[in-house]
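Below you'll find the structure, written out as structure tokens, and then a few comments.
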Amino acid sequence: MKKQILALSLVCTLAGCGGKAPVYESVDDYPVRRGALDEMVYSPEKTTFSLWSPAADSVRLRLYAEGLGGEALEEAAMRRGKDGTWTCCVRGDLQGKFYTFQVNDMEETPGIFAKAVGVNGRRGAVVDLRCTDPEGWAEDVRPALAGAKDAIVYEMHYRDYSIHPTSGVAHKGKFLALKEPNTTAESGSATGIDHLKELGITHVQILPSYDYGSIDETRLEDNKYNWGYDPVNYNVPEGGYSTDPYEPTCRIREMKEMIQALHKAGIRVVMDVVYNHTFDVAHSNFHNTCPGYFYRYNADGSLGNASGCGNETASERPMMRKFIVESCRYWLTEYHIDGFRFDLMGIHDIETMREVRAMMDEIDPSLLLYGEGWAAGTPLLPQEELAMKANILHIEGVGAFCDDMRDALRGPFSDDHKGAFLAGEKGHEESIKFGIAGCIEHPDVDMSRVNYSKAAWAAEPTQCISYVSCHDDMMLTDRLKASISLKKGELERLDKLAQTAVLTSQGIPFLWNGEEILRDKKGVHNSYCSPDSINAIDWSLKAQHEDVFRYYQGLIALRKAHPAFRMGDAELVRKHLHFLDAPEGVVAYALDGEAVGDEWKTIVVVLNANREDVAVNLPAGAYRLACGDGECPYSDMRVDEKITHVGAQSALILYSMD
Ligand code: CA
């Protein structure tokens, strides 16, 4: 192998100026790389390597036989181009070889845009991406979706979802776990991809799937768990989720196979992306490619830390912005990903998010884009320039998570033992109304009584992600147990009530895997590296809580069948959603179905968190019950009275046909 590659003549055939780096007064003066950011372009005849590093005095390319360990087979000096990009062309067929770049005397790096890597992502891999396409990949199409208003998102983690012995899945904790057909738990309940189909969601949002640093891919037998919010190579799938992290094409093919299977099942795939920080800085590809450029620094030279992870990236710098846009474009085109959830989006600047949206619109306007409209610390950029929740109003086509309704339902992030609406506390009704309307300006919502936001932050309801729980924080079950002295049956009732608010709201509803079968995490709030005993979903719960599962399924089917729950337009919501007078601890509203093409003329939703029944005045009409007393769908019965009674801690959905 070594002789074979030494026999290749390493030649620089591309124009370059070479020599000492120009003197730049600041990184802001660095030129931006022109064109695509590909750092390795393969053909059987030659491979061209390139790396953007304007201030470097030298960049060397090294070729290796292995992804980790061993001496370089060959090395060559690269030549500088005018835009700060260094290039080198190697003749011969390099497929299967690995490479690194070395800028000055810094650590070797696979660069910032490696598309394939060896184990643990230390070296880039020369791969013909067309060899990674599963059979039928060219025919893979995104499942139909008229627009963001029709999305119902299910957040999940490969390992949570499949690692438990009851999952019935063979490829536990792997990409392929979501490809296996006909998987069932011992009890006979469908699991794996069939469970997703049965539930009826339209999108999965998978926790970080790119290469991250906290799992040692050479020691997968240690069976470690991590959420993966510690990015290393942004444009390569994580090796720990593949069946062979040493073989660079394996993780790429298997992730594509998973996406292909989900698409065939009618499910779109949203990727969780964490461009706001890296695993560390000293060993990061950004730092070792172009030191001082990709992160924000304080005046004293120390790193900004709005991520709470020791660093924050600088999206406002042209090359970092271009990196984010091009990285997203790559996942959409090469992997057929259908949307992004930006972690700590509030660290990024508004302009970057606008450019990501514009790029996505060119590909398909129905692709989803949303994120966390906050940061974990104070970013080193003025608030008005950041993609924070309060600025979402001005970032068309970009959504944010609604913590207003989340916390009004279950209680604040800061104190797991504090309850709110679900605990029967009064005074949270207005925040829930705000969330139900999709966080837009609405004549019936008194913003002075909303918990966090004092002004509407969404211009359109599809910019609001409605949820009561996600991977962060306690599961809803744990939270209810921690914040309320629960009596028999109350856990189920309150869980259903909470998700009725979510699934009938005008924002995009969002669920966390296992909620639908009342999974818990044994009260652990931050389970990012907890063992499987905390994070794994026990699928025997599905048979045990079939009633809860059917309720979630019923609500999802109801939402999909009735456009009134997803008007998708702020003007329509302001006109055709009206909140009704209701007692304390109750939120009630009516939807004018007829006006938005729904076969139901009027729909009334009542959410009662009180421990006793309440009476609510209905608008005139003869109603039938679609959902009540923890049953959805409800056996079709007439409710003739103008005043109707809503059971304790439950939701009522009624409709009139005429
Ligand atoms: Ca990794």
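Bear in mind the structure is a predicted one, so any value in this text is a computation, not a measurement. Numbers for residues simply follow the sequence, beginning at 1. We count ligands from 1, going down the list as the structure has it; atoms in each ligand are counted the same way.
- Checked against a 6.0 Å centroid threshold, the rings of Tyr229 and Tyr212 do not count as neighbours.
- Ring-centre distance between Phe401 and Phe510: below the 6.0 Å cut-off.
- Sorted by first and then second residue, the salt bridge (Lys or Arg N to Asp or Glu O under 4.0 Å) pairs with a member in residues 32-44 read Asp38-Lys115; sequence neighbours excluded.
- For Glu312 and Tyr297, the side-chain atoms include no donor-acceptor pair closer than 3.5 Å.
- Counted by atom type alone, Asp338 and His263 present one or more donor-acceptor pairs between their side chains at under 3.5 Å.
- Defined by atom type and a distance below 3.5 Å, a donor-acceptor pair is present between the side-chain atoms of Lys256 and Thr132.
- Here 4 is the count of protein N, O or S atoms positioned under 3.0 Å from the Ca ion (ligand 1), waters not counted.
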